[in-house]
Amino acid sequence: MTSSETLRDAWYVAAYTSELEEKGMIATTLLGDPIVIYAKTDGSPVALEDRCVHRLAPLSLGRVEGDHLRCMYHGMLFSAEGAALEIPGQDLIPKRACVRSYPVVERSGWLWVWPGNPERADEALVPPVIGMRHPDWFLHEGLLDYDASSDLIITNVIDLGHLTWVHRESFGADEAWAETVPTTSPIERGVRVTRWLREIPPIPPLGKAADHERLDHWTTFDFFAPGVFHFYNAMYPVGTYDKYAGGEPDRADETLLYEHYTQQFVMPMTEQKSRYFFTWGPSTRVGNAEEGAIMREVNYQAFAEDQAIIEAQQKIINLDPSRRPMPTVHDKAVTLYEGIVRKLVREQNAALGAAPALEQAG
Ligand code: FES
Ligand SMILES: [Fe+2]
């Protein structure tokens, strides 16, 4: 995945911070690059190419020594910047005895890695996140691996019209999701999608929402490049859509029956392998930790439904990759998002001094 069409100048979620705390070292793959993440003595993360410069063994099978990492094949020692510090039995350390180092930051329970040009790695570009231990939410973490391109997962998430067809079992979604066309607008490095679903069954039927067979459901999500999804849902008694004339409801409205929030990240590991990180849960205002745990299970059921259709879709696409999709009215946000990613890739390539390959292709 070294193509000039790939967005590398961006922060990607690579792991939960808790995984690093538990294991001390993580081996992963991002955009085809093998990456090892370990913690320095002060706890700060280091991300290095997981491929020793000597005989290309994985450094993730090595040993952390203070702030350094030793390859446990023939013992080369690397600094947190990726430079070889020791070559056992050899005094001279050649300049090229180094592995690539990646910018990495910890933010609110996730480790974010920048696989592109380190000079452009601006921490201010990490998208806003609500941490797992945020006091206003009962969030639970989940993770799923897909044998599919991250693009297929992203288009699945951005077009929630699929809930009607894919998630009738898990979420109890009815026709409203497919029949309502949301409002779409561009935001900085992303897209915002909002809509009311009127008189639908509660999703999920928990808390006060469980007392209502039908209710008015407000949804809004921001999807940031690359693959960062923030989705807020609030349920009110039938008639609330009219009360707000179809506009955004006041979150402090006392008639609120239930509200929940999910944050999801799509990590492209290779061309056709992706890792999906997700959280979901109710606010502390309407729900409790037990309901958060129930929602986590529903989420796993729902994402297994997504996984089945997306992996099958990938297999069909592979039979003839030249076939292009035909967008419908539900793809407005997808099209907008793809345009935003293309623009970021053009900026990335221009910064590299590379030819704008996408424009040439178009
Ligand atoms: S492969 Fe790492 S020291 Fe030989
Ligand atoms: Fe889905």
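Whatever order the structure lists ligands and atoms in, that order sets their numbers, starting from 1.
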request  = Nearest heavy atom to atom 2 (Fe) of ligand 1 wins, so pick from P88, A97, C71, P58.
outcome  = C71
OH (Y73) with more than 12 external heavy atoms under 6.0 Å = no
ask   = In the protein, what heavy atom is nearest to atom 1 (S) of ligand 1, and what distance, to one decimal place, separates them?
value = R55 N, 3.2 Å
task = Look at the N, O or S atoms of E305, main chain and side chain alike, and state whether any lies under 2.8 Å from the Fe ion (ligand 2).
result = no
message = Using a 4.0 Å cutoff against the non-hydrogen atoms of G75, which atoms of ligand 1 qualify?
response = 3 (S)
ask   = Within a strict 4.5 Å, meaning less than it, do heavy atoms of the H162 and H330 side chains meet?
value = no
note = Note: ligand 1 atoms sitting under 4.0 Å from heavy atoms of C52 are 1 (S), 2 (Fe), 3 (S)
query = For the residue pair Q307 and D145, what are the closest heavy atoms and their distance?
reply = NE2-O, 2.8 Å
ask   = What is the NE2(H167)-the Fe ion (ligand 2)-OD1(D306) angle, to the nearest 10 degrees?
value = 80°
query = Of all the atoms in ligand 1, which lie at a distance below 4.0 Å from a heavy atom belonging to Y73?
reply = 1 (S)
ask   = Ring centroid separation for F265 and W110, is it under 6.0 angstrom?
value = yes
inquiry  = If you consider just the N/O/S atoms, which atom of H74 is the closest one to atom 4 (Fe) of ligand 1?
reply    = ND1
ask   = Is there an N/O/S atom in H54 at a distance below 2.8 Å from atom 4 (Fe) of ligand 1?
value = yes
A10 to P115 - nearest heavy-atom pair and separation = O-CD, 3.2 Å
task = Please check if the distance between the ring centroids of W11 and F224 is under 6.0 Å.
result = no
message = I'd like to know if the side chain of Q263 pairs up with that of Y261 as donor and acceptor (distance under 3.5 Å, no hydrogens or angles considered).
response = yes
task = Show which atoms of ligand 1 fall inside a sub-4.0 Å distance from at least one heavy-atom site of M76.
result = 3 (S)
